[in-house]
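I have placed the structure first, in the form of C-alpha cells, so that the comments after it can refer back to it.
The figures that follow rest on heavy atoms only: side chains count, while hydrogens, waters and symmetry mates do not. The model shown is predicted, which means the values in this text are computed figures rather than measured ones. We name chains A, B, ... by the order of the sequence lines, and we start the count at 1 in each one.
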6 protein chains.
Amino acid sequence: MKSRESVLNATYSVRCDSLGRVALLTVLAEDPGQVVRMASGYRVVLGQVGTMDVQRVIAAVETAARREGLIADGYEEEHALYHAILEALHGIGRGQLGLGNLLRTAALRFSIVRGPRWAGEQAEWIAVALYGTIGQPVKGNEHEVVGLGINHL
Amino acid sequence: MKSRESVLNATYSVRCDSLGRVALLTVLAEDPGQVVRMASGYRVVLGQVGTMDVQRVIAAVETAARREGLIADGYEEEHALYHAILEALHGIGRGQLGLGNLLRTAALRFSIVRGPRWAGEQAEWIAVALYGTIGQPVKGNEHEVVGLGINHL
Amino acid sequence: MKSRESVLNATYSVRCDSLGRVALLTVLAEDPGQVVRMASGYRVVLGQVGTMDVQRVIAAVETAARREGLIADGYEEEHALYHAILEALHGIGRGQLGLGNLLRTAALRFSIVRGPRWAGEQAEWIAVALYGTIGQPVKGNEHEVVGLGINHL
Amino acid sequence: MKSRESVLNATYSVRCDSLGRVALLTVLAEDPGQVVRMASGYRVVLGQVGTMDVQRVIAAVETAARREGLIADGYEEEHALYHAILEALHGIGRGQLGLGNLLRTAALRFSIVRGPRWAGEQAEWIAVALYGTIGQPVKGNEHEVVGLGINHL
Amino acid sequence: MKSRESVLNATYSVRCDSLGRVALLTVLAEDPGQVVRMASGYRVVLGQVGTMDVQRVIAAVETAARREGLIADGYEEEHALYHAILEALHGIGRGQLGLGNLLRTAALRFSIVRGPRWAGEQAEWIAVALYGTIGQPVKGNEHEVVGLGINHL
Amino acid sequence: MKSRESVLNATYSVRCDSLGRVALLTVLAEDPGQVVRMASGYRVVLGQVGTMDVQRVIAAVETAARREGLIADGYEEEHALYHAILEALHGIGRGQLGLGNLLRTAALRFSIVRGPRWAGEQAEWIAVALYGTIGQPVKGNEHEVVGLGINHL
C-alpha cells in the first residue's frame, strides 16, 4: 500500500533516556538498531516469537538473554528476568496469561534491556517489552498488544 | 542533566500506520502533536492523570473522550471504551487492578485513538494507551509502566 | 411499552428440580414466589441490593440468610455461604471483583437457596444467585449480569 | 424419578424481553424453542459442549455462531463474540479460566443471542450464556454453574 | 554440609493446637511423625509430588486423602478438599495457578489434616498445606513456596 | 484450656537452614527469638498487624523493614520487598488481594528475613512470611492463613 508507506513512515522526535522507553521504542521501531545506537548506557537484546504457548514466549526471551550474556550466572538475575517477562505478559494477556488454552495466538517482537531506570543513574534494572498482535488463529483476525515488565537486578 | 538532553533526544523513524502504534507513540512522544499529524485517518485525544485511585484513571479517560466527541452517544461506544481502558490497566497493574489499596501510585499520560486497526481499512476500532510511572508514594521510588487496550466499536 | 408486555410475558415450562435452577429461576422471575412454591425440598431467601461496594452485596446476602435462619449458628455455614457469594460475584465481575473502584455500579436481585444439588438427594448444599445490571453510574448505561455460587454445607 | 417430574416441571411466568434473560432462559429451558418463539426481536443459536479444555468451549460457541450466520464477516463481530464468551467463562470458572489443568470437567449448554439489550431498542448487542455442571472427572461429583457475557456489536 | 547440620537442626517449641499449624508444621518438619504424635485430635495424611502440571498436584492430594480414608464418600467432602487444595495452590502460584505453562516446575511436600480449627472444638474442618520449591526447570534455580487452604466439611 | 497447653506445646525438631523456613518458623513460633537465634546467617524483623485494609499490611511490613535497617537505601530493595509482600498476600487472599472490600478482616504476624536461599550460600534474598487468621469481622468466625513471598535483592 504505497500511500501508507509514504505518509506514515516519518521521523519522530523522542527521548530515549529511560529503561522503559528504550525497551518500548525498540519493539515499535522499523529499525531497532537506530534506537539501540541512541540509547547509550543501555544494553539491548532483541527477538521475536509467534506461538500459542505462553511458555514459549518465556523460553524465547530467557534464551535470548542468556545467549547474549545480558544476565549474570546464578539464579538471581534469571529470577529478575522471569518476573519481568511475566509482568510484560500481563499486558499481552489483559487478565489471563493464556494463549492457545483460550483459543488465541500471539506474534510478538521482544526486547530485553539492561540499564538504569533513568539515564545517568547507577543502579541497573531489567526491562522486557513485548509488542505484536494477538487474536484468533485465523489470519487477519488480530489486533495489537503491548506489555512491559521492569524489575530490579 | 545536560548530556541526557543532547545525546538522547534524537529522531527516530517509525511507522505509525496502525491503531496501537499511534496510541503508543503519542504517549511516548515529547511532542505528541507530531505523531498526531503523521497519523492520518486516526483521531487522537490526549490527557494525563496522577492518582492512587483506579477509578480516577477510568474517569479521566472517559471524560476526555466524551468532551472531545471521540465516541458517539449511546452506551455502545462507552462500553467499548470502558473495556479498552480496563485492558490497558492490566498492563499498568500487571496482575492486580489496584493502586492505593496496594500502597502504590501512578502518574500516567494517556491517549485515546479512533481509527482502523491497520491504516487504510474501513472498520473503526478504539485504542487506549497508558504510559507513565508506578511506585511507592515516595518521590523517585517508581518505574515505568505501559498499557494498551483495543476494542471494536 | 405496551407491546413489550403483551408479547413477552409468556409462560414457560421449566424443571426446577436442582439447586442451581431454583436459585437462577427465582432471580429471573417476575413472581419469584411462583418458583418457590414449585421447588419443594428447597428453602429460598430473596433480596436485592444496589451498590458500588462489593462488600455491601456480601453483607446484604449474609444478613438476609441469617435473618431468615437459612444457615445454622457457628462459622461453618457462614463460611460456606461466604464462598458461595464470592463465586457468584465472579459471574458479576467477570475478571475483577470490584465495582466503584472500577467506576461501575450494580443493581442486583439475589436468592439464597438451601437444599440438595438434585431434588430427592439427601445432602444439603447452598446456592447464591445474583442477577441484575452492571454499568456506568449513568442511568441506562448498563447491561445484564448473572452469577451463581454453589457450596457444600 | 417420577415425583420429580410431576411436581417440578411446572409452567413459570417470566418476561423474556431482555438480551440476558433470553440467553439465560434458553439454556435453562426444557424446550429452548419455547423461549426462542417468545423472544421476538432476538436471534438465538443453541448448542452444547462437554470438555476439559476451555478452548473447546470457545471453539464450540464460535463455530455455532458462524455456522448459523449470527455474526457478520470481518473481525469486529468475532472479537465481540470472543469477549462475550470469555466473560461467560468467568461465571463458569469462578476465579480461574481452567478446566482439565485444574482437574475438573464441564458439561455445558450454550446459547448465543443477538438483539437489543432491552426489547424494542435499536442497537444490537450479543450475549453468550453457559449453563451446566462442573466437577471432578467422576460421574456425579459435580454441581451446576452458569455464566453470561454481554458485549456491544 | 556439616556445620549446617550441627548449627541449624535444633529443637523448637511450638504450639500445635490449631488446624493450620498442624498442617504447616508437618510439611516443614524433618520428622513429620513427631508433629502428628503431638497433634492429638487431628488426623494427618502426608505425601509429596514434583511436577509441572497443576492437575497432578491436585490429583496427588486427592488420591492420598481418599486412599487413607480421610474424607467420607459422597461429593461433599471431595468438594471441600478440592477447594482447600486450590486455595493452597494460590500460595504456591502467587497470582497464577500455572506451572509448566509458565515454564516453571514445583517440588512439594503436602499434608492434609482433618480436625477442629482450634484444638478442643467440635466441628471438623479440612486443611491442605503445600511446601517446597518452585522455579525454572533447571536444578538450583528455585526458591521456597508455601500454601495453605482451609475449608469447612 | 489447660489440656491444650500441656499436650500440644511440645518441642519439635526442625531444620532452619533456608530462607523460607526461617521466615515461616518465626511467624509460627511461640517464641520467635528461639528461631532467630538458631538461624545464623539470617537477619529477621518481626511484627504484627490487624486490619481490613491490604495497604496497611504492606505499610506495616515496609515500615518495619526500613526502621530496622533491613533493606538498603534506594528503590531497588524497596521494590524487592514490595513484591515479596504482594506474593505473600496471595497466600493470604487466595485469589483476591482484598480484605474489607470483600467483607473480611485479617490479624497477622509477619516476619521479614534477609539471607541466602539456602544456608551457606552467598547471594542474599528477602522473604516475607505472613501468618494469622482471616474471616468475617465477627469474633471467632475466622480460620488460619499463611503466605510466603521470596525475592532476589
Do you know which of I92(D), L89(D), L24(D), T133(D) has the most heavy-atom pairs under 4.5 Å to chain C?
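Most heavy-atom pairs under 4.5 Å with chain C: L24(D).
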By the definition side-chain contact (heavy atoms from CB on, under 4.5 Å), identify the one residue from H90(D), R94(D), Q96(D) that meets it with H90(C).
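Exactly one candidate clears the test, R94(D).
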Tell me, side chain or backbone of V146(C) under 4.5 Å from chain D's heavy atoms, or both, or neither?
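Its backbone and side chain both get close to chain D.
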Is L25(C) close to chain D through its backbone or its side chain, or both, or neither, when contacts mean heavy atoms under 4.5 Å?
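Both parts, backbone and side chain.
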Has the side chain of R15(C) got a donor or acceptor atom that lies under 3.5 Å from a matching backbone atom of L28(D)?
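No, because the side chain of R15(C) does not come within donor-acceptor range (under 3.5 Å) of the backbone of L28(D).
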When rounded to the nearest 0.5 angstrom, what is the spacing between NE2 in H143(D) and NE2 in H152(C)?
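Atom-to-atom, H143(D):NE2 and H152(C):NE2 are 10.0 Å apart.
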Point-to-point distance, once rounded to the nearest 0.5 Å, from CZ of R21(C) to CD of E144(D):
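Here the interatomic distance stands at 6.5 Å.
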What part of Q34(D) is in contact with chain C, defined as an atom under 4.5 angstrom from a non-hydrogen atom: side chain, backbone, both or neither?
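Side chain of Q34(D) only, per the 4.5 Å heavy-atom cut-off to chain C.
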So does R109(D) have more than 12 non-hydrogen atoms from other groups sitting under 6.0 Å from CZ?
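Enclosed: over 12 neighbouring heavy atoms sit under 6.0 Å from CZ of R109(D).
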In sequence, state the C-alpha distance, the side-chain angles, and the governing distance for Y131(D) and L148(C), and then conclude on side-chain contact (heavy atoms from CB on, under 4.5 Å).
CA-CA 10 Å; Y131(D) 165 76; L148(C) 175 67; 5.5 Å; no
Which one of G95(C), G91(C), G147(C) has the most heavy-atom pairs closer than 4.5 Å to chain D?
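Most pairs with chain D among the choices: G95(C).
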